[in-house]
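Here is the structure we will look at, set down as structure tokens.
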Amino acid sequence: MTASEPKLILLFSGKRKSGKDYVTDLIQKRLSPELCCILRLSAPLKERYAQEHGLDYEQLLGAGQYKEQHRAEMIRWGESKRHLDPGFFCRMVVCGATQPVWIVSDCRRMSDLQWFYNEYPQRCASVRVEASDQTRAQRGWRFKAGIDDAESECGLDQGVDFDWTIRNEGDVTFLDGQLEGLLSLARERTREHQYTQDSIKSNGQ
């Protein structure tokens with residue numbers, strides 16, 4: 001069970017090397033870790049996969065070759081878990097989240113979005129991070145069959161009317177401008193929480 005109900009859940013998706021982690025980390029820095037936590041659906045998946053297969057969990061979390069050599073099989077294993085229980089990893093990742101803003105940084109399938117919208121209606125907003133193939137290639141992306149044409153990469157390419165679309169081509173100033181609306185929404189939703197925390201601090205002094 002979660003310790004408190006979120007005020008806002010930002011559900012991020014995007015292709016490999018589109019810069020989802022960079023964008024979500026930037027939002028958390030702008031809002032502060034006290035107000036905003038980042039939840040990665042891949043974290044419990046990688047942890048369970050590492051446990052069952054005797055692998056290094058910390059290396060699976062990284063962006064290096066170790067993760068890449070296990071990625072395809074890890075995707076297949078994750079699909080088998082989701083087939084039995086679509087909310088399996090979603091329930092795991094929200095346990096213990098207490099901040100009023102949750103950022104789910106790596107939604108990949110329609111079932112991911114559906115689970116959050118069903119569990120937390122009126123609190124979710126979907127965000128798509130996009131970058132050109134050229135920009136992604138500059139960041140190290142190369143098309144790989146079985147990964148880039150799998151559901152984990154293509155599951156949200158169609159059928160979703162995203163609330164926000166962020167273009168992340170490397171221009172920080174342009175990116176900051178695009179994020180302003182999301183940040184304003186988050187601050188509006190958390191104004192009461194911030195007031196309560198400020199009152200607690202004042203009474204404690």
Side-chain angles (χ1 to χ4, degrees), residues 1-29 31 33-121 123-129 144 146-148 150-157 160 186:
M1 297 292 290
T2 57
S4 61
E5 290 287 301
K7 302 297 184 184
L8 176 66
I9 305 174
L10 300 175
L11 302 168
F12 275 78
S13 68
K15 298 289 192 179
R16 287 199 301 140
K17 300 298 182 179
S18 62
K20 297 186 296 298
D21 286 342
Y22 177 80
V23 172
T24 53
D25 285 347
L26 193 59
I27 292 174
Q28 186 186 45
K29 289 177 183 176
L31 294 175
E34 289 73 32
L35 283 179
C36 173
C37 63
I38 296 177
L39 308 177
R40 294 184 170 90
L41 295 173
S42 61
L45 186 157
K46 290 173 181 175
E47 184 175 15
R48 288 290 291 267
Y49 186 78
Q51 290 172 352
E52 293 189 16
H53 295 81
L55 299 175
D56 187 321
Y57 170 58
E58 293 299 326
Q59 288 200 62
L60 286 179
L61 285 176
Q65 186 57 37
Y66 187 87
K67 180 181 73 172
E68 293 303 321
Q69 71 185 56
H70 294 287
R71 181 190 285 270
E73 185 54 40
M74 193 160 50
I75 288 173
R76 285 190 287 271
W77 178 86
E79 294 295 349
S80 68
K81 292 291 186 184
R82 287 187 175 90
H83 180 72
L84 296 174
D85 179 2
F88 182 79
F89 297 113
C90 297
R91 282 193 300 274
M92 291 179 68
V93 80
V94 302
C95 287
T98 59
Q99 290 93 327
V101 178
W102 297 356
I103 294 177
V104 184
S105 66
D106 57 351
C107 294
R108 297 180 179 278
R109 299 157 185 80
M110 193 68 72
S111 60
D112 296 335
L113 298 183
Q114 290 171 340
W115 187 88
F116 280 98
Y117 275 99
N118 288 338
E119 293 293 318
Y120 304 98
R123 301 186 187 188
C124 297
S126 58
V127 187
R128 184 72 166 182
V129 178
K144 188 171 183 179
I147 293 177
D148 290 295
E151 184 186 8
S152 59
E153 284 294 306
C154 305
L156 297 177
D157 286 359
V160 182

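Being a predicted model, the structure only gives us computed values, none of them experimental.
Aromatic ring centres of W102 and F116: separated by at least 6.0 Å.
Summarising the geometry, atom CD belonging to Q114 is positioned 11.5 Å from atom SG belonging to C107; distances are rounded to the nearest 0.5 Å. The line from CZ of R76 to OH of Y49 is 8.0 Å long, rounded to the nearest 0.5 Å. Note that CG of L8 and CG of L35 are 11.0 Å apart. Values are rounded to the nearest 0.5 Å. Note: K144 NZ to R16 CZ = 7.5 Å, rounded to the nearest 0.5 Å. Atom CG of residue L41 and atom CZ of residue R108 lie 9.0 Å apart, to the nearest 0.5 angstrom. Expressed to the nearest 0.5 Å, how far SG of C37 lies from CG of L31 amounts to 11.0 Å.
At distances below 3.5 Å, not a single donor-acceptor pair connects side-chain atoms of E151 with backbone N or O atoms of R109. Side chain of E47 to backbone of Y57: no donor-acceptor contact under 3.5 angstrom is found. For the pair Q28 (side chain) and C36 (backbone), a donor-acceptor distance under 3.5 Å is present.
A salt bridge is absent between R91 and E119: the closest approach of a Lys/Arg side-chain nitrogen to an acidic carboxylate oxygen does not fall below 4.0 angstrom. Ion pairing of K15 with D148 is absent here, as no side-chain N (NZ or NE/NH1/NH2) approaches a carboxylate O to less than 4.0 Å. Using a 4.0 Å cut-off between a side-chain N of Lys or Arg and a carboxylate O of Asp or Glu, D56 and K67 do not qualify as a salt bridge. Ion pairing between K20 and D106 fails under the 4.0 Å rule for side-chain N and carboxylate O.
The aromatic rings of W77 and F89 lie tilted to each other, with the angle between the two planes from 30° to 60°.
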- Task: Before giving the answer on salt bridge (charged side-chain N to carboxylate O under 4.0 Å, His left out), spell out for E68 and R71 the whole-Å C-alpha distance, their side-chain angles and the decisive distance to 0.1 Å.
- Result: CA-CA 5 Å; E68 293 303 321; R71 181 190 285 270; 2.9 Å; yes

- Query: Given R82 and F88, is the side-chain contact (heavy atoms from CB on, under 4.5 Å) satisfied, shown in steps?
  - Reply: CA-CA 6 Å; R82 287 187 175 90; F88 182 79; 5.7 Å; no

- Task: Could you please spell out the steps behind the side-chain contact (heavy atoms from CB on, under 4.5 Å) verdict for M92 and R48?
- Result: CA-CA 11 Å; M92 291 179 68; R48 288 290 291 267; 4.0 Å; yes

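Between V129 and Y22 there is no side-chain heavy-atom pair separated by less than 4.5 Å. L113 is listed as a side-chain neighbour of L156, based on a closest heavy-atom distance under 4.5 Å. For the pair R40 and D21, the minimum side-chain heavy-atom distance is below 4.5 Å. Contact annotation: the side chain of Y120 approaches that of V94 to within less than 4.5 Å [non-hydrogen atoms, C-beta and beyond].
The minimum heavy-atom distance between L45 and G78, with the atom names listed, is CD1-CA, 4.0 Å. The two residues S13 and R128 make their nearest non-hydrogen contact at OG-NH1, 3.0 Å.
Considering T24, L11, I27 as possible partners of S105, the one that fulfils the side chain to side chain contact (heavy atoms under 4.5 Å, CB included) test is T24.
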